Amino acid sequence: MVCAARQDMADEDRKKVLIVDDHPIVIEGLTDLINKEKDILVCGWAKDIPQTIKAIKKLKPDIVTVDISLENASGLDLIKDIKARFADLPVLALSMHEESLYAQRALKAGAKGYITKQEATGKVITAIRNVLEGRLYLSETMKDKLLYSLIGNEESDEVSSPIERLTDRELEVFSLLGQGKATRQIAEQLCLSVKTIETYRSRIKEKLNLSSGSELLRCAFQWVSKQDKTWFPTI
């Protein structure tokens, strides 16, 4: 079900923000944060791809914030879907995942900015305004990293995480493994064959230099545990 925020006549000149997240606490915190501003307001919420597409058509937001990790869906896939259907609608990726791993992927998918949920809440508002004004938003550290990668700086490659070598789909499988999902469950969720998921597992092991399936699962679990931190905005 699509959730729409109540609006009155005084809100007509404010830019509308659609929040896509599957954590109620995050949605509540973001809504309170955004609605305190005079130029933007939250027009509604969605928690998965079908709800988001329906909400965009119904609420006509000016910007969409998308969490990279959604229930039974990839935020990267959602961003690609939004850009394919609503080419002029700007998207800001807002995620718990480390910027170095997901920011470039989000930009390639079509997002106009990326900010982690660990950033100061004031920066969330800055990011939203930047994207609404047609500018990209990334942290200064990430901007430097992307510039170094463009000019082929070798030092940038030395400090990169092995997980950065994974493709978007491999990273999605790796994350689902870390959430405790079995190969067949992952295959059903991603609408792929079990054999295809097994192939992804083999590729991930090779890229991460892991010797066994149990080592892969342990590594995936540790990575997800490190990433999975609930965000409580300081309002």
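Since this is a predicted model, take the numbers as computed values, not measurements.
- Side-chain atoms of T52 come within 3.5 Å of backbone atoms of D48 as a donor-acceptor pair (strictly under, hydrogens ignored).
- For S69 against D22, the heavy-atom pair with the smallest separation is O-OD1, 3.9 Å.
- Environment of CZ in R184: sparse, with no more than 12 heavy atoms of neighbouring residues, nucleotides or ligands closer than 6.0 Å.
- By the 4.5 Å heavy-atom criterion applied to side chains, L107 and L138 are counted as neighbours.
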With side chain to side chain contact (heavy atoms under 4.5 Å, CB included) as the test, would you mind laying out the steps for E37 and I128 before giving the verdict?
CA-CA 11 Å; E37 304 300 316; I128 290 173; over 6 Å; no

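- The shortest distance between side-chain heavy atoms of L132 and I40 falls below 4.5 Å.
- Side-chain atoms of S175 never come within 3.5 Å of backbone atoms of L171 as a donor-acceptor pair (strictly under, hydrogens ignored).
- Between the SG atom in C43 and the CZ atom in R14 there is a gap of 11.5 Å [rounded to 0.5 Å].
- Using a 4.0 Å cut-off between charged nitrogen and carboxylate oxygen, K80 and D168 count as a salt-bridge pair.
- Within the 4.5 Å cutoff, side-chain heavy atoms of D77 are placed close to those of E172.
- With contacts defined as side-chain heavy-atom distances shorter than 4.5 Å, the pair Y200/L192 qualifies.
- Remark: Q222 CD to L217 CG distance equals 11.0 Å, nearest 0.5 Å.
- Between A93 and I79, the shortest heavy-atom distance links the atoms CB-CD1, 4.3 Å.
- Judged by distance alone, with hydrogens and angles left aside, the side-chain atoms of D21 form no donor-acceptor pair with the main-chain N or O of V66 at under 3.5 Å.
- Applying the side chain to side chain contact (heavy atoms under 4.5 Å, CB included) rule to E215 yields the partners L210, S211, S212, R218; only residues at least two apart in sequence or on another chain are considered.
- Within the model, atoms OG of S95 and OH of Y114 stand 3.5 Å from one another, a figure rounded to the nearest 0.5 Å.
- Within the 4.5 Å cutoff, side-chain heavy atoms of T126 are placed close to those of Y137.
- Checked against E170 for a salt bridge (charged side-chain N to carboxylate O under 4.0 Å, His left out), the options R201, R105, K207 give a single hit: K207.
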F86/I53 under side chain to side chain contact (heavy atoms under 4.5 Å, CB included): CA gap, chis, key distance, verdict:
CA-CA 9 Å; F86 314 96; I53 301 305; 4.0 Å; yes

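- For D32 and K36, the salt-bridge test fails: no basic side-chain N is under 4.0 Å from an acidic carboxylate O.
- In this structure, the separation between CD1 on I19 and CG on L94 is 8.5 Å, given to the nearest 0.5 Å.
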Applying salt bridge (Lys or Arg N to Asp or Glu O under 4.0 Å) to R129 and D39, what does each step give before you reach the verdict?
CA-CA 9 Å; R129 288 191 177 124; D39 56 334; 2.8 Å; yes

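- In this structure, OG1 in T65 is found 6.0 Å from CD1 in I34, a value given to the nearest 0.5 Å.
- Listed for the Q51 side chain is a donor-acceptor partner under 3.5 Å among the backbone atoms of K47.
- Listed for the K181 side chain is no donor-acceptor partner under 3.5 Å among the backbone atoms of Q185.
- Between the side chain of D62 and the backbone N or O of K16 there is at least one donor-acceptor pair closer than 3.5 Å.
- Considering only heavy atoms from C-beta on, V42 stays 4.5 Å or farther from L30 through its side chain.
- Side-chain polar atoms of S202 and T199 form no donor-acceptor pair below 3.5 angstrom.
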Given side chain to side chain contact (heavy atoms under 4.5 Å, CB included), test L18 with W45 step by step and report yes or no.
CA-CA 6 Å; L18 174 66; W45 313 272; 5.6 Å; no

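- No side-chain heavy atom of V17 sits under 4.5 Å from any side-chain heavy atom of L41.
- The only member of R135, K123, K112 that meets side chain to side chain contact (heavy atoms under 4.5 Å, CB included) when paired with N130 is R135.
- The SG atom of C191 sits 13.5 Å away from atom CD1 of I186, with the distance rounded to the nearest 0.5 Å.
- Across every non-hydrogen atom of A127 and I115, the tightest pair is CB-CD1, 4.2 Å.
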Taking it one step at a time, do Q189 and L176 satisfy side chain to side chain contact (heavy atoms under 4.5 Å, CB included)?
CA-CA 10 Å; Q189 179 169 327; L176 291 171; 3.6 Å; yes

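- Between L92 and V64 there is no side-chain heavy-atom pair separated by less than 4.5 Å.
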